Engineer: 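Got a structure for you, questions after.
Each ligand, and each atom within it, is numbered from 1 in the order the structure gives. Given the structure is predicted, the values throughout are model-derived calculations rather than measurements.
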Amino acid sequence: MEHGTACRLLFQHCRVIMPHHPVTEIPMTPTPTLPEHFTKAERYQAILPQIEGLLRADADLWTANLANINALLAETFGWFWVGFYLVDNTGTELQLSAFQGPVACTRIAHNRGVCGQAWAQGKTLIVPNVHEHPDHIACSSRSQSEIVVPLRNRRGHIIGVLDIDSEHLNQFDETDAQYLQQICAMLPEILTAPEIA
Ligand code: SME
């Protein structure tokens, strides 16, 4: 690739190519093909160092890191939708940001849907059956259960949410809440991107 930046996962290395810059090789932990018998907690524990490595490698990049977190979570757990909604400049709505999965709604008002309520309440919300949630916003008929985790900046203000949907009922519990909150907390701790200031 001649222009821009190309990131290629070759064996266990990420090769970053930038025009007018020397080629640098960033050693990375490979995306693990985790043993099937691994528990949910063991899966999170396996990817946490990888997420930390990705964040530290490019701490100034915002969207790229959100996208890679989505990719790792989707690949590790097989969830059909993983993505971030971010609070807009006026502080009135969530707007769709980096995600993996089918097309989704682009704007969610404060205190509407599971995402807007997690934002308004400032806490993680677990929905075992989305069909029983009175204000669930159905972006896809495939969604059966959902978890939404607030994302805070370095000053502790909520700047968005991490939203995950499963095609199966009852897929999320306190283990997910604990580890996903830990992942969201890594962003303000590690990233230098202005979006998380
Ligand atoms: N179900 C969410 C909307 C976003 S989609 O699931 C991607 C909600 O109720 O807020």
Engineer: Is there a polar contact between ligand 1 and A138, counting only N or O atoms under 3.5 Å apart?
Structural biologist: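 No.
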Engineer: Would you call the rings of H136 and H133 parallel, tilted or perpendicular, where under 30° means parallel and over 60° means perpendicular?
Structural biologist: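 Because their plane-to-plane angle is over 60°, the rings of H136 and H133 count as perpendicular.
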Engineer: Taking distance alone, with no angle check, do D135 and ligand 1 share an N/O pair under 3.5 Å?
Structural biologist: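 N/O-N/O distance below 3.5 Å does not exist for this pair.
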Engineer: Relative to each other, are the rings of Y44 and Y179 parallel, tilted or perpendicular (30° and 60° limits)?
Structural biologist: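 Answer is parallel, since the angle falls under 30°.
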Engineer: Going by the order shown, which atoms of ligand 1 are within less than 4.0 Å of some heavy atom of D165?
Structural biologist: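 Answer, ordered by atom number: 6 (O).
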Engineer: Could you find the nearest protein heavy atom to atom 2 (C) of ligand 1 and give me its residue, atom name and distance?
Structural biologist: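 Result: E146 OE2, 3.1 Å.
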Engineer: Among the heavy atoms of F99, does any lie under 4.0 Å from an atom of ligand 1?
Structural biologist: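 Heavy atoms of F99 never come under 4.0 Å of ligand 1.
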Engineer: What protein heavy atom sits nearest atom 8 (C) of ligand 1, and how far away is it?
Structural biologist: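 Nearest protein contact, heavy atoms only, for atom 8 (C) of ligand 1 is V114 N, 3.3 Å.
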Engineer: Identify, by atom number and element, the atoms of ligand 1 in contact range of H136, meaning under 4.0 Å from any of its heavy atoms.
Structural biologist: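 Checking each atom against H136, I get 1 (N), 9 (O).
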Engineer: Identify the closest protein heavy atom to atom 7 (C) of ligand 1: which residue and atom is it, and at what distance?
Structural biologist: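 The closest heavy atom on the protein side is D163 OD2, 3.5 Å.
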Engineer: Short N/O distance, under 3.5 Å, between R112 and ligand 1?
Structural biologist: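 Between R112 and ligand 1, no N or O pair is found under 3.5 Å apart.
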Engineer: Going through the distances and angles, do F77 and R43 end up as a side chain to side chain contact (heavy atoms under 4.5 Å, CB included)?
Structural biologist: CA-CA 8 Å; F77 294 97; R43 289 178 184 275; 3.7 Å; yes
Engineer: Please confirm whether W79 and F172 have ring centers closer than 6.0 angstrom.
Structural biologist: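 Yes - the distance between ring centres of W79 and F172 falls below the 6.0 Å cut-off.
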Engineer: Any side-chain heavy atom of L94 sitting closer than 4.5 Å to one from V161?
Structural biologist: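 Answer yes - side chains close enough.
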Engineer: Answer yes when D88 and R107 have at least one side-chain N-carboxylate O distance shorter than 4.0 Å, and no when they do not.
Structural biologist: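 Judged by the 4.0 Å cut-off on N to carboxylate O distance, D88 and R107 do not form a salt bridge.
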Engineer: Between E52 and Q50, do the side chains contain a donor N or O and an acceptor N or O under 3.5 Å apart?
Structural biologist: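 Not at all, the side chains of Q50 and E52 share no donor-acceptor pair under 3.5 Å.
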Engineer: For ligand 1, which atoms sit closer than 4.0 Å to a heavy atom of W81?
Structural biologist: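 Counting atoms of ligand 1 from 1, those under 4.0 Å from W81 are 7 (C).
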Engineer: For a 4.5 angstrom cut-off between non-hydrogen side-chain atoms, does H110 reach W119?
Structural biologist: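 H110 reaches W119 side chain to side chain.
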Engineer: Tell me the protein heavy atom at minimum distance from atom 1 (N) of ligand 1, and give that distance in Å.
Structural biologist: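 Going by distance alone, atom 1 (N) of ligand 1 is nearest to I137 O, 2.8 Å.
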Engineer: Of the protein's non-hydrogen atoms, which lies at the shortest distance from atom 5 (S) of ligand 1, and what is that distance?
Structural biologist: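 In this structure, atom 5 (S) of ligand 1 has C139 SG, 3.1 Å as its nearest protein heavy atom.
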